**Student:** 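I'd like to ask some things about the structure below.
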2 protein chains.
Amino acid sequence: MSNDEVILLDFWVSPFAIRAKIALAEKGVEFEARQEDLLGTKSELLLTSNPIYKKVPVLLHNGKAVNESSIIVSYIDEVWPTPALLPPCAYGRATARFWADYVDKKVFDGGSKIWKSKGDEVAVAKAEFIEILKVLEGALGEKNFFGGDTYGFVDIITIPLASWFYAYEQYGGFKVEVEAPKIAAWINRSLEKESVASVYPDPIKVYEFVGMLRKFNGIE
Amino acid sequence: MSNDEVILLDFWVSPFAIRAKIALAEKGVEFEARQEDLLGTKSELLLTSNPIYKKVPVLLHNGKAVNESSIIVSYIDEVWPTPALLPPCAYGRATARFWADYVDKKVFDGGSKIWKSKGDEVAVAKAEFIEILKVLEGALGEKNFFGGDTYGFVDIITIPLASWFYAYEQYGGFKVEVEAPKIAAWINRSLEKESVASVYPDPIKVYEFVGMLRKFNGIE
């Protein structure tokens, strides 16, 4: 396994690339992260290894490209099975995939709607986002992590998105710890993990990045 | 295994429910399909077993609910492993999941855009949809099926959507067999399979259903 060449095409603020980094760290897999300049020119390697979407992350494992972050995390879990990220039973796996898919469909786009909105639309976007967080609180329940006592697939899919929450709070005028205190506590527990803390971007830097995106999109 | 209770909450024209029906047929699993009245009142069982989305299909396996059609097909493949729908190697599985995900993101919404459009928008939607079919032709290549010589995960995810293509052709003014002949040939090969043919809705009835949706949505 030490002969494996593992390269991640990466962009520091991409929550999707961070998923792959946390999964690799959980598995103890060494890898090289290559930064892409997504606001400038994309590398030839990115264009040829993800010709359909041309975006990060791409996992290059011994030269073979795996695309789409949730699929990359599944792939990592199958190639390096210890510790397992998905539960051992088929029903547990289906449930984890359901919530990961819910997060994929809702959280990033829902949060983006807050900072992309103007005027009265902001309150609507904020209310929708808080509703999404409350649904996730229901899925978390009284557990420490979505995976139970161990850090699992849904945790790894979700936690990188939390690094953007401070920006959503600033542009939406709300506090996650007030609206969804169980999610806030889960974020804090997650950040106690070295695999997460070591790759989690500074939420203030993410907020500055979002401010730049807003200017770039002519929102302010 | 004969003691398993397998119920599918179903709606005849739903390509997503048809995925589950084909997967169960491929595995030789007997099940009861319960029709939901999606244009009328949804059953209490649907509302309680899929509280997040409240839509079909729902697979109830010994009383446990599995939601979201691609996740249902994965679940079926794990619980009843023969014949395998996903490839044996992790890279093959990641590739199959990538294309299934591409189909999930693009085909139904892309096709719906054609019949939901008016005027000049129709030509744009048609061109985008044909582009999606050409990407899928690239993924199919010279193989008989997306799964190679055997009918696999991507085939089962994609073929039910083809029952809506006739409606897209009528409203878009194009022919799949002209624009994407390899896809047209793949549809015909798929329809030679009993597992597909037995649950594939009549494309003319789907077209009539889409016509009703257009009236319902005030498009015509």
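Quick note on labels: first sequence line is chain A, next is B, and so on, each numbered from 1. Bear in mind the structure is a predicted one, so any value in this text is a computation, not a measurement.
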**Student:** Under 4.5 Å, heavy atom to heavy atom: which of residues 63-75 of chain B reach chain A? Give them by number, or say none.
**Tutor:** B/K64, B/A65, B/V66, B/N67, B/E68, B/I71, B/S74, B/Y75

**Student:** Side chains of B/D10 and B/Q35: any donor to acceptor distance under 3.5 Å?
**Tutor:** yes

**Student:** Is the shortest distance from a Lys or Arg side-chain nitrogen in A/D109 or A/K105 to a carboxylate oxygen in the other one below 4.0 Å?
**Tutor:** no

**Student:** Between OH of B/Y151 and CD of B/E26, what distance do you get to the nearest 0.5 Å?
**Tutor:** 8.0 Å

**Student:** Does a salt bridge link B/D104 with B/R19, judged by any charged N lying under 4.0 Å from a carboxylate O?
**Tutor:** yes

**Student:** Could you walk me through whether A/L140 and A/L136 pass the side-chain contact (heavy atoms from CB on, under 4.5 Å) test, one step at a time?
**Tutor:** CA-CA 6 Å; A/L140 181 62; A/L136 286 178; over 6 Å; no

**Student:** Do A/F174 and A/F165 come within less than 4.5 Å of each other through their side chains, counting heavy atoms only?
**Tutor:** no

**Student:** Please look at B/R97 and chain A and tell me whether the side chain, the backbone, both or neither of the residue comes under 4.5 angstrom of a heavy atom of that chain.
**Tutor:** both

**Student:** Any side-chain heavy-atom pair from A/V103 and A/W99 closer than 4.5 angstrom?
**Tutor:** no

**Student:** For the residue pair B/F108 and B/F16, categorise the inter-ring angle as parallel (less than 30°), tilted (30 to 60°) or perpendicular (more than 60°).
**Tutor:** perpendicular

**Student:** What I want to check is whether the side chains of A/W186 and A/D155 have a donor and an acceptor closer together than 3.5 Å.
**Tutor:** yes

**Student:** Can you tell me if B/N217 has over 12 outside heavy atoms packed within less than 6.0 Å of its CG?
**Tutor:** yes

**Student:** Heavy atom to heavy atom, less than 4.5 Å: which residues from residues 45-60 of chain A reach chain B?
**Tutor:** A/I52, A/Y53

